[in-house]
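Shown next, in structure tokens, is the structure this report addresses.
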Amino acid sequence: MDFLVLFLFYLALVLIGGVMICICSKTHRLKGLVRGGAQIFSYIIPECLQRAMLRLLHYLFHTRNHTFIILHLTLQGMVYAEYTWEIFGYCRALELSLYSLSLPYLLLIVNLFFFTLSCVTDPGTITKANELLFLQVYEFDEVMFPKNMKCSTCGLRKPARSKHCSVCNRCVHRFDHHCVWVNNCIGAWNTRYFLIYLLTLTASAATVATVTTMFLVRLVMVSDLNLETYVDDLGHFQVIDTVFLVQYLFLTFPRIVFMLGFVLILSFLLGGYLCFALYLAATNQTTNEWYRGNRARCQHCPGTVRPTSAEPWVYRNSHSHGLWSNLREIFLPAAVHYERKKK
């Protein structure tokens, strides 16, 4: 049973790492690495298996499905089940603070609430009924968002900062990205929910990691394990060092130590992504705009084809109006603010 749990945790870690790499692989260098890796595997993996893998990847990342929602809830359930089953009981026996032990559950409730809102809230779908309203919200910069452009799929005029999502098959106002974890686009209406969801998810992982570390440290101090000695292969007495102590704890509490490693890595991954999302919010950019602007600035990137007569495409962020104004726009979407002014 322990080996099954460890295998599931390891599989979950690989899946999360893979998804984070897929999210970050929009940068040019990572795209090249992905293409290079695909070419190498094409010589190793049989063609029928390659087609099956491509169909699976297309289903997972290019169609709306609930696979990652189920995986997300399963991972949270596994971590919190292990935390409740072992960590909470041991920590109560060691007389750790009940407040610190209960904080992960409070964060879980808030996280699941905003996770649900991120999943079910309309991100800002552009339709014939609201097309004119959205066209007046943001100014066209004639660089990234030229005026009088039409969506080739929807046939609607494209408001500034909008984009057609190929996964959801709809144009989204202030489009940020399509998130497989919530099975929804992140746009004008649900960016605020997504940011709080991401913040509480990061805090949950960090809090579980902190409490677990506190338990292991308290256990070592109470049992005086750090003062013990052992006999090495040469018959000499040695003081227990950190490596030996970690090995001992892993053999004694394998699930707890493995879970700690899992949530620590997850905390760093989520923390990095949270910092990036907060940076975009503070500067009033979307992931789509950041990516396209980054490509525009990369004039000498390998693989960039540009006619010699074409003028350089210079993108400037014209939507940033200061930190508090930018954050207010996230939590009070611009179209709502505009509609109230019209009334």
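Just so it is clear, the values below take in all heavy atoms, side chains as well, and ignore hydrogens, waters and symmetry mates.
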For Phe194 and Tyr273, take the angle between the two ring planes, folded into 0 to 90°, and tell me which bin it lands in: parallel under 30, tilted 30 to 60, perpendicular over 60. perpendicular
Correct closest heavy-atom pair for Asn326 and Ala281 would be CB-O, 3.5 Å
Nearest heavy-atom neighbours spanning Asn184 and Thr121: ND2-O, 2.9 Å
Flag yes if Leu107 and Leu278 sit in one hydrophobic cluster, no otherwise; membership is Ile, Leu, Val, Met, Phe, Trp, Tyr, and two members link when side-chain heavy atoms are under 4.5 Å apart. no
His66, NE2 atom: more than 12 neighbouring heavy atoms under 6.0 Å: no
Please tell me if the side chains of Lys128 and Leu156 come closer than 4.5 Å, counting only heavy atoms from C-beta onward. yes
Of all the heavy-atom pairs spanning Cys168 and Cys185, show the shortest one and how long it is. SG-SG, 3.4 Å
Is the distance between the ring centroids of Phe276 and Trp290 less than 6.0 Å? yes
Is it true that a side-chain atom of Arg218 and a backbone atom of Leu94 form a donor plus acceptor pair closer than 3.5 Å? yes
Considering non-hydrogen atoms only, spot the tightest contact between Pro104 and Tyr80 and give its length. O-OH, 2.8 Å
Kindly compute the distance separating CG (Leu195) from OG1 (Thr191), expressed to the nearest 0.5 Å. 6.5 Å
Ring pair (Phe, Tyr, Trp, His ring centres under 6.0 Å), paired with Tyr90, selected from Phe215, Trp85, Tyr83: Phe215
Counting only heavy atoms not in Phe268, do more than 12 fall under 6.0 Å of its CZ? no
Check the side chains of Asn183 and His178 for a donor-acceptor pair under 3.5 angstrom, ignoring hydrogens and angles. no
Could you check, using the six-membered ring where one of them is a Trp, whether His177 and Tyr291 have ring centers closer than 6.0 angstrom? no
Would you find a donor on one side and an acceptor on the other, under 3.5 Å apart, between the side chain of Asn288 and the backbone of Thr286? no
Describe, in one word, how the ring planes of Trp181 and Phe68 are oriented to each other, choosing from parallel (under 30°), tilted (30 to 60°) and perpendicular (over 60°). perpendicular
Around atom CZ of Arg64, are there more than 12 heavy atoms from other residues, nucleotides or ligands closer than 6.0 Å? yes
If hydrophobic clusters are built from ILVMFWY residues whose side chains come within less than 4.5 Å, do Phe331 and Tyr197 share one? yes
Taking Leu112 as the starting point, is it possible to reach Ile109 by hopping between hydrophobic residues whose side chains are less than 4.5 Å apart? no
Taking the side chain as every heavy atom from C-beta outward, state whether Ile87 and Glu82 have any pair of such atoms under 4.5 Å apart. no
Donor-acceptor check, side chain of Tyr138 to backbone of Ser162, threshold 3.5 angstrom: yes or no? no
